[in-house]
There are 2 protein chains.
Amino acid sequence: MSSQISEATTNRLSVYLRCLNELDAAGVRAVSSKTLAEQFDLNAPQIRKDLAHFGELGVRGVGYYVKDLKRQLRHILGLDRHLKVAIMGAGNLGLALADYPGFRQEGFGIAALFDNLRDKVGQQSRAGVPIYDIKELRKIARRDQIVIAVIAVPLSSAQAVVDKVVAAGIKAILNFSPGALRAPDDVKLKNVDLTVSLESLSFYLAREASGDDT
Amino acid sequence: MSSQISEATTNRLSVYLRCLNELDAAGVRAVSSKTLAEQFDLNAPQIRKDLAHFGELGVRGVGYYVKDLKRQLRHILGLDRHLKVAIMGAGNLGLALADYPGFRQEGFGIAALFDNLRDKVGQQSRAGVPIYDIKELRKIARRDQIVIAVIAVPLSSAQAVVDKVVAAGIKAILNFSPGALRAPDDVKLKNVDLTVSLESLSFYLAREASGDDT
DNA sequence: GATTGTGAATGACTTCACAGCT
DNA sequence: AGCTGTGAAGTCATTCACAATC
């Protein structure tokens with residue numbers, strides 16, 4: 001029954017939810033797909049199609065009730081339970097991510113940092129996320145019910161860390177290390193490749209500089 | 001002449017380049033699209049199409065010469081000149097990004113951090129990137145020839161900072177703050193939305209948990 | 001009257017199949 | 001023989017147009 005939902009769609013659902021939170025905070029009761037579409041540069045049928053995948057979430061002639069749709073989206077995105085996140089690597093990036101406010105919204109909780117350096121183990125991030133030895137991953141993951149791992153270790157150890165994460169039974173990974181990592185099919189691996197992002201900007205700049213129209 | 005190149009394509013070019021660097025380091029002379037394709041999960045014609053946008057980069061019957069293609073890709077991506085990057089916001093994330101090794105490869109240089117807090121201005125990151133007052137952006141950007149800005153400030157000030165970046169004549173922005181920011185059409189704005197990424201993983205987990213096949 | 005939900009049309013990207021070099 | 005470059009076919013995603021509903 002559940003026709004495959006594309007990643008592009010789920011990403012947009014997140015964006016809608018964020019927008020609904022703002023509308024709700026502003027006391028808005030209902031919103032039309034047209035109004036929503038104007039906020040980003042999407043068109044209205046796109047939004048309706050996205051939402052229609054999950055049933056008849058709107059009311060014809062009226063639009064979508066903000067509180068209602070918000071609750072539905074939270075459920076669809078699986079945000080109506082507390083999701084515990086572990087961050088692998090307590091270097092600059094790992095520590096920054098551990099305390100990143102955006103990660104604490106919407107029911108996510110950063111439960112633990114993992115590293116293999118003696119100095120770091122036993123310490124904690126500024127906001128108080130404890131740093132454990134990576135050897136304890138399996139134990140802590142089970143104890144704290146960690147379901148998502150963020151990879152913020154150097155490239156050289158990234159694959160080994162992913163393997164440990166997988167072995168600990170974690171099924172969702174957000175990877176910040178560059179390059180292609182391998183994980184079993186039943187593990188969802190999402191890459192945030194900062195080098196690729198920067199290079200894509202560089203490409204744009206290079207194009208602008210030389211001949212281009214539009 | 002320059003038929004529009006999609007973002008998906010340019011992202012793959014980055015990935016190819018990274019792979020070529022490894023092959024080159026390993027002393028490999030030439031590589032076929034088939035061999036390249038096996039590294040990631042792409043198929044060979046995809047790679048050939050991507051490269052063919054930019055001329056006849058390969059040699060029939062042989063494949064692509066590694067050093068040659070590497071140089072070509074660096075040129076296509078605009079990496080054969082030194083690109084100076086500024087990071088807006090010297091908080092946890094900004095400081096981590098300033099020292100992130102991945103940002104230093106391939107000709108990028110982090111030239112400056114900007115913040116508006118007195119304590120921070122005049123300091124520097126661990127790796128030695130100086131922190132300037134954001135009021136000096138225009139001056140420093142011109143002096144250091146900064147062409148890319150990374151937005152790592154809290155959401156509340158993100159739009160204002162983008163406006164300043166645009167006013168300083170910077171045409172490429174990598175945005176880490178959540179939500180939609182506005183910039184003129186001639187400025188390339190690329191979003192790295194960590195909340196959206198996490199929520200997309202959450203969606204996957206929610207699907208697995210309830211009914212789903214394949 | 002307004003706005004959703006949706007089949008049909010369009011457009012974009014990917015894959016295939018093979019002609020064309022080396 | 002081997003592998004690239006590319007038109008054609010196929011697949012997936014977006015946009016349109018309108019019937020169904022409130």
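Just so it is clear: chains get the letters A, B, ... in the order the sequence lines come, proteins before strands, and each one is counted from 1. When reading the values below, keep in mind they use all heavy atoms of this one structure, side chains included, and skip hydrogens, waters and symmetry mates.
- Following rounding to the nearest Å, Tyr65(A) (OH) and dT21(D) (C1') show an atom-to-atom distance of 13 Å.
- In summary, Glu7(A) and Lys188(A) engage in a salt bridge, as defined by a charged side-chain N under 4.0 Å from a carboxylate O.
- Residue contacts for Leu51(A): at a heavy-atom cut-off of 4.0 Å it reaches no nucleic acid atom on any strand shown.
- Shown for residues 21-46 of chain B: residues whose heavy atoms fall under 4.0 angstrom of DNA chain D, namely Ser32(B), Ser33(B).
- Not a single donor-acceptor contact under 3.5 angstrom links the side-chain atoms of Lys49(B) to the base of dT6(D).
- For Arg48(B) and dT4(D), the shortest distance from a side-chain N or O to OP1 or OP2 is below 4.0 Å.
- Side-chain contact between Lys164(A) and Met88(A) is absent, with no heavy-atom pair separated by less than 4.5 Å.
- Using a cutoff of 4.0 Å between basic side-chain nitrogens and carboxylate oxygens, Asp24(B) and Lys70(B) are scored as salt-bridged.
- In terms of position on DNA chain D, the residue among Arg12(A) and Val62(B) whose nearest nucleotide sits closer to the 5' end is Val62(B).
- Side chain to side chain, Gln72(A) and Asp68(A) fail the donor-acceptor criterion of an N or O pair below 3.5 Å.
- The footprint of chain B on DNA chain C, defined by a heavy-atom cutoff below 4.0 Å, extends from dC13(C) to dT22(C).
- Atom OH in Tyr64(A) sits roughly 14 Å away from atom P in dC22(D) (whole-Å rounding).
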Asp99(A) and Arg126(A): CA distance, side-chain angles, deciding distance, salt bridge (charged side-chain N to carboxylate O under 4.0 Å, His left out) verdict: CA-CA 7 Å; Asp99(A) 293 352; Arg126(A) 287 187 205 179; 5.7 Å; no

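- For Gly61(A) and Leu57(B), each mapped to the nucleotide of DNA chain D holding its nearest heavy atom, the one lying further toward the 5' end belongs to Leu57(B).
- Salt bridge Lys84(A)/Asp144(A): absent, no basic N to carboxylate O contact under 4.0 Å.
- Using cut-offs of 30° and 60° on the angle between ring planes, the pair Tyr132(A) and Phe114(A) is tilted.
- Protein atom CZ of Arg60(A) is 17 Å distant from nucleotide atom P of dC18(D), rounded to whole Å.
- Side-chain contact check for Ile110(A) versus Arg104(A): some heavy-atom pair is nearer than 4.5 Å.
- Within the 4.0 angstrom heavy-atom criterion, no nucleotide atom of any strand lies near Thr9(B).
- Taking the six-membered ring where the residue is Trp, Phe203(A) and Phe54(B) present perpendicular rings, their angle passing 60° and hence far from 30°.
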